[in-house]
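Report on one structure; see the data block that follows.
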Number of protein chains: 2
Amino acid sequence: MKGDVQTPISDIEREIIAFFVNAAQSIGLPKSYGEIYGLFFASEHPLALDEVINKLQISKGSASQGIRFLKSINALNAIYLPGDRRDHYVAETSLRLIADGLINQKIAPQLREGIERLKSLKNQYEPSELAPLKSKIKNIDLWNKKAELLLPFVSKYLGPKASKNKSKKL
Amino acid sequence: MKGDVQTPISDIEREIIAFFVNAAQSIGLPKSYGEIYGLFFASEHPLALDEVINKLQISKGSASQGIRFLKSINALNAIYLPGDRRDHYVAETSLRLIADGLINQKIAPQLREGIERLKSLKNQYEPSELAPLKSKIKNIDLWNKKAELLLPFVSKYLGPKASKNKSKKL
DNA sequence: CATTTTGTACAATTATAATTGAACCTTATG
DNA sequence: CATAAGGTTCAATTATAATTGTACAAAATG
């Protein structure tokens, strides 16, 4: 089952992939991540690494890294297929779960880095040195607090409802 | 008043600028935009293009483009100073206004592009061709709708309160 | 336990995006 | 109306990030 001639992706699949490539790039992710997610999203069945490589014509390294990243933000779920050594995945279709993953893995750490940076600034200088900038620094503190409060809120707003994929008269 | 020896930026200013450089990069903006905004943010008085160039030691082109972008998202406000031909600006300190600018200038257009892309996909193919992907496409539609609703919500959440810079016993 | 399969790590390469600097408008000024 | 100052534009350069491809590690197979 190794030397299989892979079914090439269809025009529609290509367009769905293009949609996710665009989406990925617009949030600053490599295009290959968008391609990979798009491929999984459009696929009827779980896919393994080598199928991604063959269908998208990208390198092993790209495919491996892309899958790892997508796993890390919960955009791909591992599926166990008996009798196949390869790891298989399917696309997560709940916007909320993916957004949560992105928030927790990428956005929140970044935000915290900024908060730390500011904290160390406040510790590093004498109050007299800070005085002229005091109100400005206070203002950034406020921004950080707002941002921190916003994140869980976005998550809640994106809602748990999205994933309810009840097979409607399929 | 041209050949002035510019006061170099202080250590604290440098750190505030570093904070915004980090912030800019974390949302996918060029580091120079962060530098420029940081400089304005830390400044006590309005600044003009050539002061940005001198203090940050960046090129005219970068400074010009950076200022233009920051204006476009409402992160800089123009200030009129009588007797000086140069355009002066101050940093906007309301998180909400800047977030609104970013949303309107960068995020929303991108979102709409995705929606258009999807719409054209649906028009381009026969229902029979789309059938197998129908529920998936419907799902993306849902994502788009949620995202569209989320934007004004984020804006409202960031609130109008931020800018209330009442000079507290200064 | 040698061999194959699956997946990862990472230096080298390639592609993309940011920055520079010079040419060029536009408006003010004497 | 010639000159200078403020600002923009954009092709060329430089810096950054993504992608490849090879070498490697881990696990299964016979």
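Proteins get letters first, then strands, A, B, ... in listed order; numbering begins at 1 in each.
Side-chain nitrogen and oxygen atoms of B/S59 include none within less than 4.0 Å of the OP1 or OP2 phosphate oxygen of C/dT19. Contact annotation: A/S62 side-chain N/O to D/dT20 OP1/OP2 distance is under 4.0 Å.
Per the geometry, CD1 belonging to A/I67 stands 11 Å off C1' belonging to C/dT6, to the nearest Å. Taking atom CG of residue A/D50 and atom C1' of nucleotide C/dT8, one finds them 15 Å apart after rounding to whole Å. Atom-to-atom, CG of A/L81 to P of C/dT5 comes out at 19 Å; the value is rounded to the nearest Å. One interatomic measurement links the two molecules: CD of B/E51 to P of D/dA5, which rounds to 16 Å at whole-angstrom precision. When rounded to the nearest whole Å, the span between CZ of A/F69 and P of C/dG7 equals 20 Å. Taking atom CG of A/D84 as the reference point, atom C1' of C/dT4 lies 15 Å away to the nearest angstrom. At whole-Å resolution of the value, NZ in B/K60 and P in D/dA5 are 11 Å apart. When rounded to the nearest whole Å, the span between OH of A/Y89 and C1' of C/dT6 equals 11 Å.
Side-chain proximity of A/K71 to C/dT8, C/dA18, D/dT20: nearest is C/dT8. Distances from the side chain of B/S64 to the nucleotides C/dT20, C/dT6, D/dT8 place D/dT8 closest. Taking only side-chain atoms of B/R68, from C-beta outward, the nucleotide of D/dT9, D/dG7, C/dT20 with the closest atom is D/dT9. Among the nucleotides C/dT19, D/dT8, D/dT19, the one closest to the side chain of B/L49 is D/dT8. Taking only side-chain atoms of B/R86, from C-beta outward, the nucleotide of D/dG7, C/dT20, D/dT19 with the closest atom is D/dG7.
Take the nearest nucleotide of DNA chain D for B/H88 and for B/Q65: the residue whose nucleotide is more 5' is B/H88. Nearest-nucleotide positions on DNA chain C for B/A63 and A/G61 put A/G61 closer to the 5' end.
With values rounded to the nearest 0.5 angstrom, A/N104 atom CG is found 11.0 Å from A/I73 atom CD1.
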ask   = Could you go step by step and tell me if A/R14 and A/D11 meet the salt bridge (charged side-chain N to carboxylate O under 4.0 Å, His left out) rule?
value = CA-CA 5 Å; A/R14 204 185 316 280; A/D11 286 353; 3.7 Å; yes

message = Assess the residue pair A/R96 and A/D100 against the criterion (salt bridge (charged side-chain N to carboxylate O under 4.0 Å, His left out)); give the C-alpha distance rounded to whole Å, side-chain angles, the decisive distance to 0.1 Å, and a yes or no.
response = CA-CA 6 Å; A/R96 189 212 186 149; A/D100 274 3; 3.8 Å; yes

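Counting non-hydrogen atoms of other residues, nucleotides and ligands closer than 6.0 Å to NZ of B/K119 gives a total of 12 or fewer. Heavy atoms from other residues, nucleotides or ligands lying under 6.0 Å from NZ of B/K122 number more than 12.
No hydrogens or angles were tested; on distance alone, a donor-acceptor pair under 3.5 Å links the side chain of B/R85 to the base of D/dA5.
Within the nucleic acid shown, A/I58 comes within 4.0 Å of sugar-phosphate atoms alone, with no base atom in reach, counting heavy atoms only.
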